[in-house]
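Chain letters run A, B, ... following the sequence lines, proteins first and then strands; every chain starts at 1. These numbers come from a predicted model, not from an experiment.
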Protein chains: 2
Amino acid sequence: MLTKIARACYDVNMDENNITEQPRRRSDGEQTHQTILDRAVKLASIEGVNQITLGRLAQATGVSKSGVYAHFKSKERLQMEIIEAAGEIYEREVIEPGLQAPEGLPRLIKLYESFLSYVEREIFPGGCFFAGLISEFDAQSGPVHEAVIAGHREWEGLVVSLIQDAQQRGEIDSGVEPAFLVFQLDAVKDHANFLYTLYRDPAWIERGRQAISRIVTQVSAT
Amino acid sequence: MLTKIARACYDVNMDENNITEQPRRRSDGEQTHQTILDRAVKLASIEGVNQITLGRLAQATGVSKSGVYAHFKSKERLQMEIIEAAGEIYEREVIEPGLQAPEGLPRLIKLYESFLSYVEREIFPGGCFFAGLISEFDAQSGPVHEAVIAGHREWEGLVVSLIQDAQQRGEIDSGVEPAFLVFQLDAVKDHANFLYTLYRDPAWIERGRQAISRIVTQVSAT
DNA sequence: CCTACCGATCGGTAGG
DNA sequence: CCTACCGATCGGTAGG
């Protein structure tokens, strides 16, 4: 039966865009899959990825435990899909709006403002998903740990390139070490997320904005 | 049997300092209790307090599962004792060395240096215990969440009072808002902990030191 | 996607 | 501090 559904999904897949060997579900199943994943991402942002269990996810969605399991085929795969789904949301809510600003310093500033806004709007009920994820897996080896490091390196690389752009345009002092500036900016953004999530007081986001703009002012070319 | 041990411990207790209704164990049991707790604190700093189970703690210490349970009487109590024990370590490794410096600005600086040193020396194998704890419970209501908030407020209060001391001595500009300065300093210390724990590269601690001293320089009275 | 299971482990209890 | 349990839940499987 599973095979039949899998094959049907595979056929549907062919008509769409995705020709991988990973079987997918047809439209109804696809929707259920997404519904479960949405719930899982929200739960994981509050309690941590390791606290998500098939049973509780089943209860939260009204699907049977084995129904949930059938969608993900293992707990590891479920965890990975949760992280992927969260990544898409982060991309949509932080990266894309940030990159819409004009190149150079405005883009750098907009990126951090997008982050603060995304925290303030509580896109994830438990605060920034990835701040929580890093904290959960920073000291634990395994595939998630590696994925977390890759994600952090990607973010750092993006910000460094924005800083270098701004330096080439003469908007940021050329004597500033990009990696150090990223450290300063990220410290503020993560701390604002941290305290907003703990206290749910927008004053912390405002402090984050102030601290970011203070740092930017200091490194701005004269 | 439990009652007998409990009563024996109670008697011992009377001879010491502590006359609460909470029964304690006699010296052997006391030692086992501490051994279990030490392991639990280390494990919890890596995996999170919620990941500690009686079974795994039993396995890690060689005590039977019910033996572990007998020492703590509930998982909640175990969690609370873990947090208390971590708090004592934090007090010893960060607060006390910090407060040994001369009053005013040197004491403020020393407090943050003590923190960075405590991270660098890996007092907890999974990074600063309380950074992890806040991250784990920031979005979850319950007694641990409340304890975490109380702990954060205590730290913030301490730092604010150090800043005000330094302001009264004319070492920090009186126009600086203490709460905002704490925000800036804590952002850096937590971020250094965060990245050191993820990468285990002392360069992140060094960046933290640089960022701290830069902030201090900026707010220093002219 | 379901019911009906499996062995392992969970927090906790009884009794010593 | 131990053995020997309890019901509940875990991730996962069989079969439809």
Side-chain angles (χ1 to χ4, degrees), chain A residues 1-12 23-40 43-44 47-82 142-144, chain B residues 1-10 12 23-37 39-40 43-44 47-82 142-144:
Chain A
M1 283 303 144
L2 248 172
T3 318
K4 196 147 79 183
I5 293 172
R7 194 164 296 139
C9 296
Y10 185 72
D11 292 338
V12 169
R24 290 250 192 124
R25 298 125 299 274
R26 35 164 204 239
S27 58
D28 274 12
E30 193 70 47
Q31 202 177 334
T32 306
H33 189 86
Q34 199 55 48
T35 304
I36 297 171
L37 209 46
D38 280 351
R39 271 259 198 269
L43 268 173
E47 305 181 4
V49 170
N50 270 332
Q51 299 297 318
I52 275 38
T53 69
L54 299 171
R56 294 202 300 153
L57 211 46
Q59 197 182 340
T61 54
V63 178
S64 74
K65 201 182 77 171
S66 294
V68 172
Y69 185 81
H71 272 289
F72 301 97
K73 275 156 291 182
S74 83
K75 205 200 174 186
E76 271 215 345
R77 288 271 275 270
L78 168 62
Q79 288 188 345
M80 283 308 193
E81 284 204 42
I82 289 173
V144 179
Chain B
M1 285 304 144
L2 247 172
T3 317
K4 196 149 77 185
I5 293 172
R7 194 163 297 140
C9 294
Y10 185 71
V12 169
R24 289 248 193 127
R25 299 127 298 277
R26 37 164 202 237
S27 59
D28 274 12
E30 193 69 48
Q31 202 178 332
T32 306
H33 190 85
Q34 200 53 49
T35 303
I36 298 171
L37 208 46
R39 270 260 199 266
L43 266 173
E47 304 181 3
V49 171
N50 271 331
Q51 299 298 318
I52 275 40
T53 68
L54 298 172
R56 293 203 300 153
L57 211 46
Q59 197 183 339
T61 53
V63 178
S64 75
K65 202 182 75 170
S66 294
V68 173
Y69 185 80
H71 272 289
F72 301 96
K73 275 156 290 183
S74 82
K75 204 199 173 185
E76 271 213 345
R77 288 270 275 270
L78 169 62
Q79 287 188 345
M80 283 309 193
E81 285 204 40
I82 289 173
V144 179

Can you check side chain to side chain donor-acceptor pair (under 3.5 Å) on E81(B) and H33(B), steps first, answer last? CA-CA 10 Å; E81(B) 285 204 40; H33(B) 190 85; 2.7 Å; yes

Distance in Å, Q51(B) CD paired with Q51(A) CD, rounded so as to fall on 0.5 Å steps: 5.0 Å

Between I82(B) and I52(B), is there a side-chain heavy-atom distance shorter than 4.5 Å? yes

Considering only heavy atoms from C-beta outward, does the side chain of N50(B) approach that of Q79(B) to under 4.5 Å? yes

Would you find more than 12 non-hydrogen atoms of other residues, nucleotides or ligands less than 6.0 Å from R39(B) atom CZ? no

Need the pair for dG15(D). Rule: Watson-Crick or G-U wobble, both distances under 3.5 Å, any strand; none if unpaired. dC2(C)

Along nucleotides 7-13 of chain D, 5' to 3', which nucleotides get a B, which get an S, and which get a -, given that the test is a protein heavy-atom distance under 4.0 Å? ---BBBB

Paired with dC10(C) by Watson-Crick or G-U wobble geometry, both distances under 3.5 Å: which nucleotide is it? dG7(D)

